[in-house]
Each structure stands twice: as C-alpha cells, then as structure tokens.
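One structure is given below, encoded as structure tokens.
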Protein chains: 2
Amino acid sequence: MVRESSKISTEFIQTAARILKTLGHPDRIKIVEFLEDGEKTVGQIQRELNLLQPVTSQHLKVMYDRNIVTFRQKGTRYFYSLANNFIIKILDCMSEVQEKLDSGEWDFDFSKIENQKEAV
Amino acid sequence: MVRESSKISTEFIQTAARILKTLGHPDRIKIVEFLEDGEKTVGQIQRELNLLQPVTSQHLKVMYDRNIVTFRQKGTRYFYSLANNFIIKILDCMSEVQEKLDSGEWDFDFSKIENQKEAV
DNA sequence: GTATTATATATGAAAAGTAATATATAATGC
DNA sequence: GCATTATATATTACTTTTCATATATAATAC
C-alpha cells in the first residue's frame with residue numbers, strides 16, 4: 001500500500017500525463033464515474049450530466065482518442081464504456097481521498113484552489 | 001480496495017479536476033515524484049529534470065497556487081515539498097499501474113495516445 | 001558596496017483546450 | 001420515401017496553457 005520508490009518510466013509518464021490532463025475536467029470525471037456503472041449511450045450521458053449533445057460527443061471523442069473510453073455501436077446508438085483499468089484506479093483513488101476527507105482523517109483547503117483565476 | 005460506488009461530491013470533483021489537470025504534464029509529474037523523496041530546492045529540481053530555471057519556477061508556482069506543493073524559504077533557497085496526501089495517493093496509483101503493466105498483468109496500448117495530434 | 005548566486009516575476013507568442021452553433025449521417029418507424 | 005431520432009463532425013470564438021526571453025529581487029561572499 002505504501003509506495004515503493006520505484007521510478008515511474010518516462011514512457012509511462014508521458015501516457016499518464018496525457019490521461020490525467022484529459023481527466024482534468026469536471027464533466028469528464030463525471031462521465032467516467034457514470035461509466036463505471038456500466039456502458040451508457042451518448043444520450044444517457046448527456047441527460048445525466050445535463051450537457052449539450054455535441055459537447056458530450058466531443059468529450060467522448062477526446063477520451064476515445066486518448067484510450068480512456070471505448071464504444072460499440074448498435075444501430076444509431078453508441079454505447080460507451082471505460083477502456084482500461086488505469087481509469088478505474090484513478091476513480092478508486094479519488095473515492096479513497098474523498099472518504100479520508102469526509103471522515104476528517106485528512107484535511108484539504110478547498111478554498112485555496114477553487115474558482116481561482118489562472119496564473120501563468 | 002475495490003471501489004464502493006459512493007458518489008464523489010461535486011465539490012470534490014471540482015478540486016480533483018483542477019489537480020489532475022495540473023498534474024497532467026510530464027515535467028510536473030516528474031517534479032512531484034522527485035519531491036516524494038523529500039523537500040528540494042528549485043535548483044535541485046531544475047538540474048534533476050534539466051529544465052530552464054524560469055520554467056521550473058513557473059511549474060512550482062502553478063502547483064503552489066493549486067495546493068499541490070508548498071515551500072519554506074531559507075536565505076535565497078526555496079525548499080519545495082508536497083502539500084497534501086492526495087498527491088501521494090496519485091503517485092501510488094501511477095506506481096501500481098506501472099507495476100501491473102510491467103508484470104504483464106495489464107495491457108495498455110501506448111501507441112494509441114502518444115505523440116498524437118489533438119482533436120477538439 | 002560589488003559581484004555572485006538563487007529564485008521570482010513580467011511579458012509575449014504559439015499551442016492547446018473549451019463550448020457553442022450549425023450541419024451531416026445513418027438508422028428507424030411510419 | 002419521409003420524418004424522426006441518435007450521434008458525429010465542422011467551424012469558430014474564446015480562454016487557458018506552455019515555454020522562452022528578459023528582468024527584478026534579495027541574500028551572500030568577498
């Protein structure tokens with residue numbers, strides 16, 4: 001459970017950075033969390049998150065291009081699902097952190113980073 | 001170890017997105033990984049990653065603003081260190097995934113997402 | 001006090017990401 | 001075939017990020 005300081009490979013760092021960056025959007029986190037429940041159509045996702053259809057498709061396309069989600073097509077429906085275990089790991093990680101925060105075991109100064117104007 | 005599907009709160013999603021996005025840069029992942037070893041000065045980080053000094057400071061400033069790193073000043077030296085446990089969790093997560101990939105237990109199509117031109 | 005070292009800040013250009021509007025495509029129901 | 005439904009793609013304006021160059025600041029060594 002505790003990290004052994006085995007260096008992360010350069011190759012994996014590239015990939016990980018790409019994935020973390022892509023998941024660094026609230027709606028995309030919500031989408032993958034929703035998909036953890038099982039495959040969903042674009043319409044289901046759109047309604048669940050209250051997004052515009054093209055925006056939903058755009059997020060899914062970006063995530064498909066980066067190997068975060070995959071899909072199967074059935075008629076006019078596209079059923080999207082999570083493409084790999086890394087994503088599930090990240091979701092697990094977020095859940096664990098949320099629990100620690102909820103239980104008060106960890107503290108986190110949300111105010112410090114939210115709704116903050118970008119720098120550099 | 002297996003995720004209980006307790007919804008992640010909207011508030012935390014905002015924060016998590018911010019953090020994931022910020023860590024979504026190869027050099028920044030390398031920096032936090034280096035910091036896991038203990039606090040480091042800007043110069044140490046710069047030399048370790050072979051970056052320009054202002055670029056190093058810029059990365060550190062962005063991460064400071066988003067509560068990923070913190071620092072103490074001693075003379076002209078700034079000693080940076082990790083600011084919270086969430087970051088360590090993410091590093092753990094990446095290590096675990098790397099191990100699974102190395103061991104062949106998991107497979108991941110790196111080619112699919114690397115050096116790829118952006119889409120929308 | 002002058003030079004040097006360590007680091008921060010300012011600025012600007014180029015690249016990437018975001019979100020909206022409009023349009024295309026393709027399957028389905030009638 | 002025609003309308004409808006589900007989704008993708010194109011385009012564009014806007015915002016943010018990234019990286020480099022230049023400069024400022026402040027402590028230290030001499």
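Each chain gets a letter, A, B and so on, in the order the sequences are listed, and its residues count up from 1.
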query: What's the shortest heavy-atom distance between B:Leu35 and B:Ile45, and which atoms?
result: CD2-CD1, 4.1 Å
message: For B:Arg66 versus B:Ile19, what's the shortest heavy-atom pair and its separation?
response: O-CG1, 4.3 Å
- prompt: Between D:dA20 atom C1' and B:Lys61 atom NZ, what is the distance in whole Å?
  reply: 18 Å
task: Using the closest heavy atom to pick a nucleotide of DNA chain C for each, name whichever of A:His25 or A:Gly75 lands nearer the 5' end.
output: A:His25
message: I need the minimum non-hydrogen distance between B:Thr41 and B:Phe79, along with the two atoms involved.
response: CG2-CE2, 3.5 Å
- prompt: How many Å lie between CD on B:Gln58 and P on C:dG12, as a whole number?
  reply: 14 Å
field: Rounded interatomic separation in angstrom, taking NZ from A:Lys21 and P from C:dA16
entry: 8 Å
- prompt: Taking atom P of C:dT18 as reference, at what distance in whole Å does atom CZ of B:Arg18 sit?
  reply: 12 Å
message: With a 3.5 Å distance limit and no angle check, can you tell me whether A:Glu33 reaches the backbone of B:Ile8 through a side-chain donor-acceptor pair?
response: yes
When you compare the protein's N or O atoms with those of nucleotides 4-8 of chain C, which come within less than 3.5 Å of each other, and at what distance?
residue : atom : partner : partner atom : Å
C:dA6   : O4'  : B:Thr76 : OG1          : 3.0
C:dT7   : OP1  : B:Tyr78 : N            : 3.4
C:dT7   : OP2  : B:Gly43 : N            : 2.7
C:dA8   : OP1  : B:Tyr80 : OH           : 2.6
C:dA8   : OP2  : B:Ser57 : OG           : 2.4
C:dA8   : N7   : B:Gln53 : NE2          : 2.7
C:dA8   : N6   : B:Gln53 : OE1          : 3.1

- prompt: Any donor and acceptor pair, going by atom type alone, linking the side chain of B:Asn84 with main-chain N or O of B:Asn67 inside 3.5 Å?
  reply: yes
- prompt: What is the distance from CZ of A:Arg28 to P of C:dA19, rounded to the nearest Å?
  reply: 8 Å
query: Is there a donor-acceptor contact under 3.5 Å linking the side chains of A:Ser57 and A:Gln53?
result: yes
query: Under 4.0 Å between a side-chain N or O of A:Arg66 and OP1 or OP2 of C:dA16?
result: no
message: If I take atom CG in residue B:Leu52 and atom C1' in nucleotide D:dT18, what distance separates them, rounded to the nearest angstrom?
response: 12 Å
statement: B:Gln73 CD to D:dT28 C1', in whole Å, measures 14 Å
- prompt: Over how many whole Å does the gap from B:Met63 atom CE to D:dT17 atom P extend?
  reply: 14 Å
